[in-house]
Number of protein chains: 2
Amino acid sequence: MAGGLPLTRHAAGNRSSRPGTTQAASRWKALRMTEPRGRRELIVATAAQMFARKGIRSTTVREIADAVGVLSGSLYHYFSSKDEIVLEILTGFLDVIAARYRDVLAREQDAAQTLRAIVLASLQVARERPDATAIYQNELRYLRETPLYKEVQVAAGEVQRTWLGVIERGVADGSFRSDISPRVFHRLIRDAVWLSGRGQHPDAGYSTERLADAITSIFLDGFSARPRAGGAAPA
Amino acid sequence: MAGGLPLTRHAAGNRSSRPGTTQAASRWKALRMTEPRGRRELIVATAAQMFARKGIRSTTVREIADAVGVLSGSLYHYFSSKDEIVLEILTGFLDVIAARYRDVLAREQDAAQTLRAIVLASLQVARERPDATAIYQNELRYLRETPLYKEVQVAAGEVQRTWLGVIERGVADGSFRSDISPRVFHRLIRDAVWLSGRGQHPDAGYSTERLADAITSIFLDGFSARPRAGGAAPA
DNA sequence: GTCTATATTGAGATAGAC
DNA sequence: GTCTATCTCAATATAGAC
């Protein structure tokens, strides 16, 4: 923390200027599935990327502004605070998850199939929105300190109830073990799923589908080598 | 044995004064297994508690000093920076883990038994040192920004090699599945173990041993309800 | 809608008296 | 070994010109 950088604040020269076509904007075009449309969305997307990489607290509004290609004061034309940007990132994220889960539940499969589908849907969202995923996993502590947290909690509630619901259903109908608390199982599989993108390495060679299968298989069948219910013995 | 430590002066306000018996000190006596001995250790323990609860960045040196019962300048008699306190917390933590793992390996059990023992040892450390555990899980991003990170990484290396070693051994001798990457399995079970203390609720009614059994059983046998290798059918 | 310039606050760290 | 007092820097946010 003693570090004094010999910083020159923002050499006004290196911005080349037209907002819509900055480096930041074209980066998104190349890398992300959903390309930010307007300046406001570009701010959100850029901030999400930086929050995910460096943490919310360590990312300054000036850095966000630099990356977007404007000066920091201009951000306040779109958002009234840094936290408001955070809120927009997370509610967008949670809304997407909740919607996917609703689709899954609408299929009315059995508990095991539903669980597998929830795992897959979660991993897909994690892949599509890696920044928001990382922020949500890593910055809960920051979030709790902000007044906006309540709004996030509401959105998170539905998500949690979906997981717990399918687990309890499986226990009730006899397809899942009843000697282990559904809450404990929920915590384990939920963390496994959401943290599996941590460290950005998508596990060389593990597609989203294959990872979903691996996770579901471990959690339902176990890692011990012995004949398994559904099918073939281990290769 | 926190009896009589030297007196301090200083009346400034609400602190009642003898360092050894401040609120902070007696809190430790009540709650923790290892009671801080000297002032230096009290600083470390207090800081750990606050870092765990509020995050490193949000905890100011002034807050730490207040909780200990001194003024902020005095901390710099013991540590030359805030990060040095963080480093002491984490290397102490990792050294304890590495030592426990060495004990486990010395027993020369089979892979499944060793894995179970590592899970249990980890949960015990997590229970004994919840603050350091939380810090290590939640503040990796902060750590990476600090020059001290390299030292932490070295200590973490041995820990990781222990996990991976036992998993690979089980795969090699045929007791674990070979159709799932050991690295993937390692990540899943490691996160499950270290995060299981998250949220401070020790899972009402789940002792450390019972939780270790639950985790090991889920990861080895699976959550599906069907006759399991080792014994009785689910209740 | 963006910039320039700056107010304001808060943090880590230091110097030197006691 | 602790306190008092203060330095220095960095960060969020604002005001108002263009």
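To find a chain, count down the sequence lines: A is the first, B the second, and so on, and within it residues start at 1. Atoms considered below: every heavy atom in the structure, side chains included; atoms not considered: hydrogens, waters and symmetry mates.
Of the side-chain N and O atoms in B/R62, none sit less than 4.0 angstrom from OP1 or OP2 of C/dA13. The shortest distance between the side-chain N/O atoms of B/S74 and the OP1/OP2 oxygens of D/dG1 is not below 4.0 Å. Side-chain N/O atoms of A/H77 include one lying less than 4.0 angstrom from OP1 or OP2 on C/dG1. A/Y76 has no side-chain polar atom (N or O) that falls below the 4.0 Å cut-off from OP1 or OP2 of C/dG1. A/T60 has no side-chain polar atom (N or O) that falls below the 4.0 Å cut-off from OP1 or OP2 of D/dA11.
Taking the six-membered ring where tryptophan is involved, the planes of A/F93 and A/W194 are perpendicular, since the angle between them exceeds 60° and thus also 30°. Relative orientation of the A/W163 and A/H186 rings is tilted, given thresholds of 30° and 60° on the angle between their planes.
Rounded to whole Å, atom P of D/dA11 lies 16 Å from atom CD1 of A/I56. Rounded to an integer number of Å, the gap from CD1 of A/I64 to C1' of D/dA13 is 13 Å. Across the protein-nucleic acid pair, A/D66 atom CG and D/dT12 atom C1' stand 15 Å apart, rounded to whole Å. Rounded to whole Å, the distance from CZ on B/F79 to P on C/dG12 is 15 Å. The distance from atom CZ of B/R57 to atom C1' of C/dA11 is 11 Å, rounded to the nearest whole Å. Between the CG atom of A/D83 and the C1' atom of D/dA13 there is a distance of 12 Å, rounded to whole Å. Per the geometry, CG belonging to A/L71 stands 17 Å off P belonging to D/dA13, to the nearest Å. If you take CD of B/E63 and C1' of C/dA13, they are 16 Å apart, rounded to a whole angstrom.
Under the 3.5 Å distance criterion, the side-chain polar atoms of A/R57 are left unmatched by any main-chain donor or acceptor of B/R57.
Which of C/dA13, D/dT12, D/dG1 sits closest to the side chain of B/K82 comes down to C/dA13. The side chain of A/Y78 lies closest to C/dT2 when the candidates are C/dT2, C/dA13, D/dT2.
Residue contacts shown for A/T59 are limited to sugar-phosphate atoms, with no base heavy atom under 4.0 Å away.
Contact check for A/T46 versus A/I43: no side-chain heavy atoms found under the 4.5 Å cut-off.
When all heavy atoms of B/M50 and B/I64 are compared, the pair lying nearest together is SD-CA, 3.9 Å.
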